[in-house]
Amino acid sequence: MQEKYPQVIINLKAYSEGFGSSAHYIARATETVSEETGVVIGIAPGYMDIHPISMHFKIPVYAQHIDPVPPGAYTGHIVAEAVKSAGACGTLINHSEKRLTLADISGAVDAAKKTALQTVVCTNNISTSAAAAVFSPDFIAIEPPELIGTGISVATADPEIIEDSVNAVKEINSKIKVLAGAGISTGECVKRALELGADGVLLASGVVKAKNPQDVLFDLVSKI
Ligand code: G3P
């Protein structure tokens, strides 16, 4: 597993094209593109696929969520330590499709940090990005919910949200890396997001639902 921070993270969500053998197929493509281009690309599979993917592939693996609880009597909860021991190097927190309260975001970031998991806190607007920056996660991923899964790139449809989030976050803590997400699917989108100040991108459907994920991944990193 690489410990370097990724510039691209692929969230497999719960898409049927993104679990089991399909998750392995995408992970293999991710590893190939990463090795051939030198761009670090992470993957956030479903919980059941964290362990096999982290065993088989040399790519950073992220959980899609953790709960703000320690190991113990918490049936059905996702514990940071368990995610770490399954082979993940980090976790998404507060994804648009798995929102948490502010208190739970803080608790989840703390739980991840105690376990040395990288933290990627997802946000929906500039003020939420600024609020999340106070918790000093490794990454903040700004994703306007209305563009998620539409194929309409945040980098062209809402460039201000990227620029303004980057400024708001870096003003609070310049070490936090900002990812842009929603509708990203091409190298041109990635280039635009980086020009707007983002450190990288978080995306899902553009890769997971592609006929040939490897081709999309090569294009995605082609202008970095
Ligand atoms: O976590 C990534 C995500 O919410 C963006 O989804 O399908 O618009 O790339 P998508």
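Read the numbers this way: they start at 1 and go in the same order the structure lists the ligands and their atoms.
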Flag the pair Glu188 and Arg192 as a salt bridge only when some basic side-chain nitrogen lies within less than 4.0 angstrom of an acidic carboxylate oxygen. no
Present, as a list of atom pairs with distances to 0.1 Å, all nitrogen or oxygen contacts under 3.5 Å between ligand 1 and the protein.
unit_1   : atom_1 : unit_2 : atom_2 : d
ligand 1 : 1 (O)  : Asn11  : ND2    : 3.0
ligand 1 : 1 (O)  : His95  : NE2    : 2.8
ligand 1 : 1 (O)  : Glu143 : OE2    : 3.3
ligand 1 : 4 (O)  : Lys13  : NZ     : 3.0
ligand 1 : 4 (O)  : His95  : NE2    : 2.9
ligand 1 : 4 (O)  : Glu143 : OE1    : 3.1
ligand 1 : 4 (O)  : Glu143 : OE2    : 3.4
ligand 1 : 6 (O)  : Lys13  : NZ     : 3.4
ligand 1 : 7 (O)  : Ser205 : N      : 2.9
ligand 1 : 7 (O)  : Ser205 : OG     : 2.5
ligand 1 : 8 (O)  : Gly149 : N      : 2.7
ligand 1 : 8 (O)  : Gly183 : N      : 2.8
ligand 1 : 9 (O)  : Ala204 : N      : 2.8

side-chain hydrogen bond (donor to acceptor under 3.5 Å, both in side chains) test vs Asp199 passes for just one of Gln7, Lys177, Lys170, namely Lys170
> Would you say the side chain of Ile59 lies within less than 4.5 Å of the side chain of Val40, judging by non-hydrogen atoms?
Replying inline: no
The side chain to side chain contact (heavy atoms under 4.5 Å, CB included) partners of Asp110 (sequence neighbours excluded) come to Ser106
Residue pairs meeting side-chain hydrogen bond (donor to acceptor under 3.5 Å, both in side chains), one or both in residues 143-159, sequence neighbours left out, come to His95-Glu143
Give the table of side-chain donor-acceptor pairs shorter than 3.5 Å for residues 132-142, with sequence neighbours excluded, one pair per line with atom names and distance.
unit_1 : atom_1 : unit_2 : atom_2 : d
Ser136 : OG     : Asn173 : ND2    : 3.3
Asp138 : OD1    : Tyr5   : OH     : 3.0
Asp138 : OD2    : Thr119 : N      : 2.9
Asp138 : OD2    : Thr119 : OG1    : 3.2

